[in-house]
Colleague: 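Could you have a look at this structure, given as structure tokens, before my questions?
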Amino acid sequence: MDKAYQSAHESDIYRLWEQSGAFTPVVPSDPVKAREAREPFTIILPPPNANNPLHAGHIMYVVEDILVRYHRMLGDPTLWLPGTDHAGIESQFVFEKELKKQGRSRFDYDRQTLYRLIDEFVAQNKDIAISQLKMMGFSLDWTRLKFTLDPDHVARIYAVFNRMHHDGLVYRDEKIVNYCTFCGTAFSNLEVVHKTVNGHLWYINYGPLSVATTRPETMLGDTAVAVNPSDIRYQKLIGTKLKLPLVGREIPIIGEESVDPEFGTGAVKVTPSHSPEDYDMGKKFHLEFIRIFDYDGRANANVPEKYRSLYPQQVREAVVRDLEAAGLLEKVVDYSHEVGHCYKCGRPIEPITAPQWFIKVKTLADQALQVVQDDTIKIFPKRFKKSYLTWMKNLRDWPVSRQIVWGHRLPIWYNLDENPDTQITFIDKSGKNITDLYKNLKDNFDFAQIKNGLQSLIAPVNAKYYLTEAEALQAGEHTLQETDTFDTWFSSGQWPYSTLGFNPEDPSKSAPDFKYFYPTSLLDTMWDILFFWVARMIMFGLYVTGKVPFEVVHLHSRVNDAQGQKMSKSRGNVINPSTFVAQYGADALRFALVYGVAPGSDISLSEDKLRAQRNFVNKLWNAARFIELMVDKVGITGFSLDPAKFNADDKAIIAELNRVIAATTKNINRYHFGAASEDLYQFFWHQFCDIYIEKVKDRPAEALPVLAHVLLNSLKLLHPFIPFVTETIYQTLKEKLHYTEALLITAAWPQND
RNA sequence: GGUUGUUUAGCUCAGUUGGUUAGAGCGCAUCGUUCACAUCGAUGAGGUCACAGGUCCGAGUCCUGUAACAACCACCA
């Protein structure tokens with residue numbers, strides 16, 4: 001054996017495991033019955049972004065590998081299923097950045113070309129993440145590798161969408177949505193980041209009363225002014241009308257309870273098309289909806305000529321200037337408030353009315369609430385249960401359509417002759433971008449040109465549509481598929497049953513994998529996507545399969561830098577796992593991630609820690625090496641553990657070993673990996689090496705059976721945490737020490753006698 | 001605005017149902033080492049467990065309040 005452990009050989013060990021078939025469980029011929037007899041242990045890997053290398057957060061998958069390896073050693077049929085995610089908006093955003101470097105943008109391509117380019121871009125990088133997962137030693141079943149754009153997955157989520165539509169859970173509506181005019185797509189509430197902005201409150205004279213607003217530019221779209229009905233200052237004005245400054249439109253004054261008489265002037269301008277609160281008022285009072293900003297962010301024809309095609313900030317400046325000139329600007333005060341920003345590009349979100357596809361979540365959420373409430377699904381650490389329940393109770397309908405190309409296009413088809421008011425954007429033969437209603441285009445362009453150059457379409461909110469292309473074609477040949485794609489979470493929310501081969505059309509025809517492995521045992525992820533992902537999987541799982549997708553949700557820590565700061569590109573403190581693996585070995589990195597960490601608390605990863613754990617790995621290596629030297633020296637041919645021959649030291653170390661076996665088993669069962677790893681570290685280094693080994697140096701022959709026994713069990717206990725070094729030692733010494741199992745990875749977990 | 005979490009040795013953090021002198025890793029000090037490992041060994045210094053009350057025979061641990069920090073959720077102008 002080398003003087004120090006060489007982590008460079010880790011890939012050989014990985015191949016050894018993979019070739020042994022240890023990662024790939026065999027599905028019995030009668031999976032249903034087999035499952036009843038002994039439930040397999042199953043984890044579906046949260047699919048990392050196919051396009052990016054792993055970041056520090058992904059290496060926390062080590063938690064899953066610990067559990068998987070532990071259960072495999074317990075003899076459970078064990079599956080850890082890998083996959084990668086196309087990561088819709090994320091990948092498209094990264095690709096667009098690349099385009100920008102070349103001086104191009106998404107507007108230069110029709111959607112099928114853009115899709116193909118992103119596909120190629122993602123394919124180039126696809127293997128990076130996979131090789132890194134292997135590098136970390138993760139015992140994933142690569143024979144079952146999945147991708148979110150695999151045709152069978154796509155077919156499945158389409159089938160589920162159809163079923164939801166059939167059940168009345170899908171609808172199209174023109175509601176106010178969070179729209180990023182830069183990214184060109186709508187977002188759900190979860191994708192909006194609230195930031196405190198130091199802005200102003202403008203007091204504007206509206207004639208009979210004055211209003212205060214943080215967004216003077218939206219006054220061009222005002223269709224009412226609201227006051228509190230109990231406000232004696234304004235009571236008599238309710239029901240009257242006023243003339244909107246700068247625009248000249250007559251708008252009503254309405255009485256609305258939610259208006260706070262104490263705030264500002266006690267009167268609120270109402271812009272139903274550009275403010276969520278005003279939208280609600282607009283619906284309630286049947287106000288006019290006047291959208292003044294288009295999807296490209298510019299003011300449209302609904303505003304006076306002079307403001308047209310300006311961006312909101314420019315409109316604001318112009319409006320304020322004009323109000324001031326007209327003597328209608330009463331005062332401006334500093335005011336700091338919360339403004340929604342796009343989580344991708346960081347620009348302010350424009351609340352805007354737009355036709356979008358929605359999922360009704362009430363019935364789905366009720367079930368998903370119930371199963372967590374009654375612990376059918378247990379959430380660990382427990383404190384996340386409450387935030388899950390709170391979130392689920394207040395859930396609103398889910399806007400699932402995104403105006404991007406990289407993803408699953410909605411299975412919706414429109415016949416354009418039935419919907420002549422559909423707005424179409426395409427690139428014509430000469431390469432020019434054209435946007436207009438279909439009825440204005442159809443006589444000037446042949447349909448093939450529109451279809452091939454298509455970038456996007458916006459069908460009217462009440463457009464007639466079909467769920468299959470065939471049906472739409474029956475109505476006429478001028479048929480286009482919806483250009484919106486699904487929110488990424490609509491796809492990944494269906495990951496557990498989809499990867500296992502569930503058949504939504506006929507569940508009895510589901511794959512054996514589904515029958516055997518579903519529901520899965522545990523879902524592990526970081527707490528930041530509890531709502532995005534975990535909640536959606538629970539809703540989908542219950543609705544589609546009638547069963548929970550997993551029995552336990554384990555939420556792992558966030559990996560921070562050495563100072564406890566969140567890693568981010570802007571801070572410049574992002575670490576690449578590969579660097580650390582190259583320097584310290586995968587085992588050291590794995591152990592550093594769990595050593596002494598409390599469940600659910602964040603981790604500060606420092607090189608000090610990595611060095612410490614590399615030293616531990618080396619300590620383990622050298623203890624094994626010492627035992628090898630002893631065997632060579634003494635020349636023993638067989639071992640038998642005979643308690644009758646134990647002296648006090650032997651008894652003490654065996655007793656301590658038994659304690660550690662029990663403690664480790666208990667700690668892993670309770671997901672206390674920090675405690676387990678710390679205990680093992682202390683036992684092996686300080687009890688076994690520092691005390692026991694030092695004491696037996698003068699009686700190697702008698703101690704060898706005990707040395708071999710403690711080493712074997714230590715290797716087994718440590719294997720889930722540091723698989724490479726333990727397997728390497730095992731393979732190196734198994735013959736000399738008469739260990740009988742072929743591989744440590746499939747060896748039996750130690751039992752306490 | 002609402003919710004949750006954190007506050008323990010110089011640094012990063014453990015501390016499981018409250019139980020005798022509060023622990024680890026790193027760092028630090030002194031000594032040692034050709035005989036498994038300097039990626040080592042031995043010894044040691046270092047903490048009024050954020051603060052103020054309370055419950056208890058007994059509180060780092062449970063309760064109340066305060067402060068600082070962090071995160072999450074949120075359509076108020």
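Everything numeric here is computed off the predicted structure, so don't read it as measured data. The chains referred to below are lettered A, B, ... by the order of the sequence lines, with proteins before strands, and numbering in each begins at 1.
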Colleague: Considering every strand and a 4.0 Å limit on heavy-atom distances, what is the contact class for A/Ile627: base, sugar-phosphate, or nothing?
Modeller: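 A/Ile627: no heavy atom of the nucleic acid under 4.0 Å.
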Colleague: What about A/Glu338: does its side chain form a donor-acceptor pair under 3.5 Å with the base of B/A74?
Modeller: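 Present.
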Colleague: Evaluate the ring planes of A/Phe289 and A/Tyr279, with Trp represented by its six-membered ring, and classify them as parallel (under 30°), tilted (30 to 60°) or perpendicular (over 60°).
Modeller: perpendicular
Colleague: Roughly how many Å is it from NE2 in A/His194 to P in B/C72, rounded to a whole number?
Modeller: 12 Å
Colleague: My understanding is that a pair needs two contacts under 3.5 Å, Watson-Crick or G-U wobble. By that rule, which nucleotide pairs with B/C35?
Modeller: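 The base-pairing partner of B/C35, which may sit in any strand shown, does not exist here.
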Colleague: Taking the same atom, C1', in B/U61 and in B/A42, what whole-Å distance lies between them?
Modeller: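 My reading of the C1' atoms in B/U61 and B/A42 gives 34 Å.
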Colleague: If pairing requires Watson-Crick or G-U wobble contacts with both distances under 3.5 Å, which nucleotide is the partner of B/U66?
Modeller: B/A50
Colleague: How long is the line joining CZ of A/Phe591 and C1' of B/G25, in whole Å?
Modeller: 12 Å
Colleague: So which of residues 673-690 of chain A are in contact with RNA chain B, with a heavy-atom cut-off of under 4.0 Å?
Modeller: A/Glu678, A/Tyr681, A/Gln682, A/Trp685, A/His686, A/Cys689, A/Asp690
Colleague: In whole angstroms, how far is the P atom of B/U16 from the CG atom of A/Asn669?
Modeller: 19 Å
Colleague: Would you mind classifying the nucleic acid contact of A/Asn189 as base, sugar-phosphate or nothing, using non-hydrogen atoms under 4.0 angstrom?
Modeller: sugar-phosphate
Colleague: Given A/Lys175, which partner from the list A/Ile352, A/Thr353, A/Asp397 fulfils the side chain to side chain contact (heavy atoms under 4.5 Å, CB included) test?
Modeller: A/Asp397
Colleague: Do A/Glu10 and A/Ser7 have side-chain atoms, one donor and one acceptor, less than 3.5 Å apart?
Modeller: no
Colleague: Quick one: label A/His337 by what it contacts on the DNA or RNA (base, sugar-phosphate, nothing), any heavy atom closer than 4.0 Å.
Modeller: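 Result for A/His337 = sugar-phosphate.
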Colleague: For the residue pair A/Gln613 / A/Tyr681, report whether a side-chain donor-acceptor contact shorter than 3.5 Å exists.
Modeller: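 Note: A/Tyr681 and A/Gln613 side chains miss the donor-acceptor criterion.
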Colleague: Can you check nucleotides 3-8 of chain B for protein contacts, nitrogen or oxygen pairs under 3.5 Å, and list what you find?
Modeller:
| unit_1 | atom_1 | unit_2 | atom_2 | d |
| --- | --- | --- | --- | --- |
| B/U4 | OP1 | A/Lys386 | NZ | 2.8 |

Colleague: Below 4.5 Å, heavy atoms only, C-beta onward: do A/Trp685 and A/Ile691 meet side chain to side chain?
Modeller: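 No, every pair of side-chain atoms sits at 4.5 Å or beyond.
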Colleague: Between B/A36 and A/Lys697, counting only base atoms on the nucleotide and side-chain atoms on the residue, is there a donor-acceptor pair under 3.5 Å?
Modeller: yes
Colleague: Expressed in whole Å, how much space separates the P atoms belonging to B/C26 and B/U43?
Modeller: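 Here B/C26 and B/U43 have their P atoms 15 Å from each other.
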Colleague: In terms of the nearest nucleotide of RNA chain B, which residue is placed more toward the 5' end: A/Ser601 or A/Leu629?
Modeller: A/Ser601
Colleague: Taking B/G53 as the reference, what is the distance to B/U17 when you measure between their C1' atoms (whole Å, please)?
Modeller: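 These two C1' atoms come out 26 Å apart once rounded.
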Colleague: Searching all strands shown, indicate the nucleotide that pairs with B/G2 (Watson-Crick or G-U wobble; both distances under 3.5 Å).
Modeller: B/C72
Colleague: Over how many whole Å does the gap from A/Phe384 atom CZ to B/C73 atom C1' extend?
Modeller: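 In whole Å, B/C73 C1' and A/Phe384 CZ are 13 Å from each other.
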Colleague: Test A/Thr218 against A/Lys269 for side chain to side chain donor-acceptor pair (under 3.5 Å), laying out the working first.
Modeller: CA-CA 9 Å; A/Thr218 62; A/Lys269 58 189 274 315; 2.6 Å; yes
Colleague: Measuring from the side chain of A/Phe531 (C-beta onward, heavy atoms only), which nucleotide among B/C73, B/A74, B/A14 has the closest atom?
Modeller: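 Output: B/C73.
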Colleague: Let's see if you get this right: which residues in residues 279-292 of chain A place a heavy atom under 4.0 Å from RNA chain B?
Modeller: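 Within residues 279-292 of chain A, the residues near RNA chain B are A/Asp280.
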Colleague: Under 4.0 Å between any heavy atoms, over every strand shown, what does A/Ala598 touch: base, sugar-phosphate, or nothing? Just pick one.
Modeller: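 The answer is sugar-phosphate, as A/Ala598 gets under 4.0 Å only of primed atoms, P, OP1 or OP2.
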Colleague: Could you check whether A/Tyr5 gets within reach of a base, just the sugar-phosphate, or nothing at all, counting any heavy atom under 4.0 Å?
Modeller: nothing
Colleague: When you compare B/G47 with B/G41, how far apart are their C1' atoms, in angstrom units rounded to a whole number?
Modeller: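 Approximately 27 Å lies between the C1' atom of B/G47 and that of B/G41.
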Colleague: What contact category does A/Arg215 fall into here, base, sugar-phosphate, or nothing, at under 4.0 angstrom with non-hydrogen atoms?
Modeller: nothing
Colleague: Rounded off to whole Å, could you give me the CG-to-P distance for the A/Leu190 and B/C73 pair?
Modeller: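 Rounded to the whole Å, the gap is 6 Å.
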Colleague: Answer yes when A/Glu628 and A/Lys736 have at least one side-chain N-carboxylate O distance shorter than 4.0 Å, and no when they do not.
Modeller: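 Yes, A/Glu628 and A/Lys736 are salt-bridged.
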Colleague: Can A/Val225 and A/Val268 be said to form a side-chain contact (heavy atoms from CB on, under 4.5 Å), step by step?
Modeller: CA-CA 6 Å; A/Val225 172; A/Val268 186; over 6 Å; no
Colleague: How about A/Phe531 and A/Tyr388: are their ring centroids closer than 6.0 Å?
Modeller: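 So the answer is no for these two rings.
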Colleague: Under a 4.0 Å N-O cut-off, is there an ion pair linking A/Glu288 with A/Arg249?
Modeller: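 Salt bridge between A/Glu288 and A/Arg249, a charged N being under 4.0 Å from a carboxylate O: no.
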Colleague: Using the P atoms only, state how far B/A14 lies from B/U8, rounded to an integer number of Å.
Modeller: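 Those two atoms are separated by 10 Å.
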Colleague: Do A/Tyr179 and A/Phe187 have their ring centres less than 6.0 Å from each other?
Modeller: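 Aromatic pair excluded; centres sit 6.0 Å or further apart.
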Colleague: With a 3.5 angstrom cut-off on both distances, give the Watson-Crick or G-U wobble partner of B/C11, or none if there isn't one.
Modeller: B/G25
Colleague: Assert yes or no for the condition that the ring centre distance of A/Tyr335 to A/His337 is strictly below 6.0 Å.
Modeller: yes
Colleague: Rounded to whole angstrom, note down the C1' distance from B/C63 over to B/A59.
Modeller: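 Nearest-Å result for B/C63 against B/A59 at atom C1': 11 Å.
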Colleague: What residues, two or more places apart in sequence or in another chain, satisfy salt bridge (Lys or Arg N to Asp or Glu O under 4.0 Å) together with A/Asp231?
Modeller: A/Arg233
Colleague: Is there a Watson-Crick or G-U wobble partner for B/U20 with both distances under 3.5 Å, and which nucleotide is it?
Modeller: none
Colleague: Please evaluate residues A/Lys284 and A/Asp280 with respect to the criterion salt bridge (charged side-chain N to carboxylate O under 4.0 Å, His left out), reporting the C-alpha separation (whole Å), side-chain torsions for both, the decisive distance (0.1 Å), and the verdict.
Modeller: CA-CA 6 Å; A/Lys284 187 170 165 187; A/Asp280 291 341; over 6 Å; no
Colleague: Using Watson-Crick or G-U wobble geometry with both distances under 3.5 Å, which nucleotide pairs with B/A42?
Modeller: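 In the structure as shown, B/A42 has B/U30 as its Watson-Crick or wobble partner.
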Colleague: B/U39 and B/G5: how far apart are their P atoms, nearest whole angstrom?
Modeller: 44 Å
Colleague: Using the C1' atom as the reference point in each nucleotide, state the distance between B/U6 and B/C13 in Å, no decimals.
Modeller: 12 Å
Colleague: Could you tell me the Watson-Crick or G-U partner of B/G60, where both distances fall under 3.5 Å? Say none if there is no partner.
Modeller: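 Base partner found: none.
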Colleague: Among side-chain atoms of A/Asp2 and A/Trp621, is any donor-acceptor pair under 3.5 angstrom?
Modeller: no
Colleague: Please list, chain by chain and in numerical order, all residues satisfying side chain to side chain donor-acceptor pair (under 3.5 Å) with A/Tyr671, sequence neighbours excluded.
Modeller: none
Colleague: Check whether the side chain of A/Glu694 and the base of B/A36 form a donor-acceptor pair under 3.5 Å.
Modeller: yes
Colleague: Rounded to whole Å, how long is the line connecting atom CG of A/Asp260 with atom P of B/G1?
Modeller: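 Answer to the nearest Å: 14 Å.
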Colleague: Out of B/C73, B/A71, B/A36, which has the shortest distance to the side chain of A/Arg558?
Modeller: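 Closest of the options to the side chain of A/Arg558: B/A71.
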Colleague: Using distance alone, with no hydrogens and no angle criterion, decide if A/Tyr692 and A/Asp650 have a side-chain donor and acceptor under 3.5 Å apart.
Modeller: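 Judged by distance alone, the side chains do pair up.
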Colleague: Heavy atoms only, 4.0 Å cut-off, all strands: where does A/Lys3 land among base, sugar-phosphate and nothing?
Modeller: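 Result for A/Lys3 = sugar-phosphate.
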Colleague: Between A/Arg670 and A/Thr214, who's closer to the 5' end of RNA chain B by nearest nucleotide?
Modeller: A/Arg670
Colleague: Could you check whether A/Asp375 pairs with A/Lys378 (Lys NZ or Arg NE/NH1/NH2 to Asp/Glu carboxylate O, under 4.0 Å)?
Modeller: no
Colleague: Taking only heavy atoms on the protein side, list every residue of residues 604-622 of chain A lying under 4.0 Å from any atom of RNA chain B, sorted numerically.
Modeller: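 Hits under 4.0 Å, by residue number: A/Ser604, A/Asp608, A/Lys609, A/Ala612, A/Arg614, A/Asn615, A/Asn618, A/Lys619, A/Asn622.
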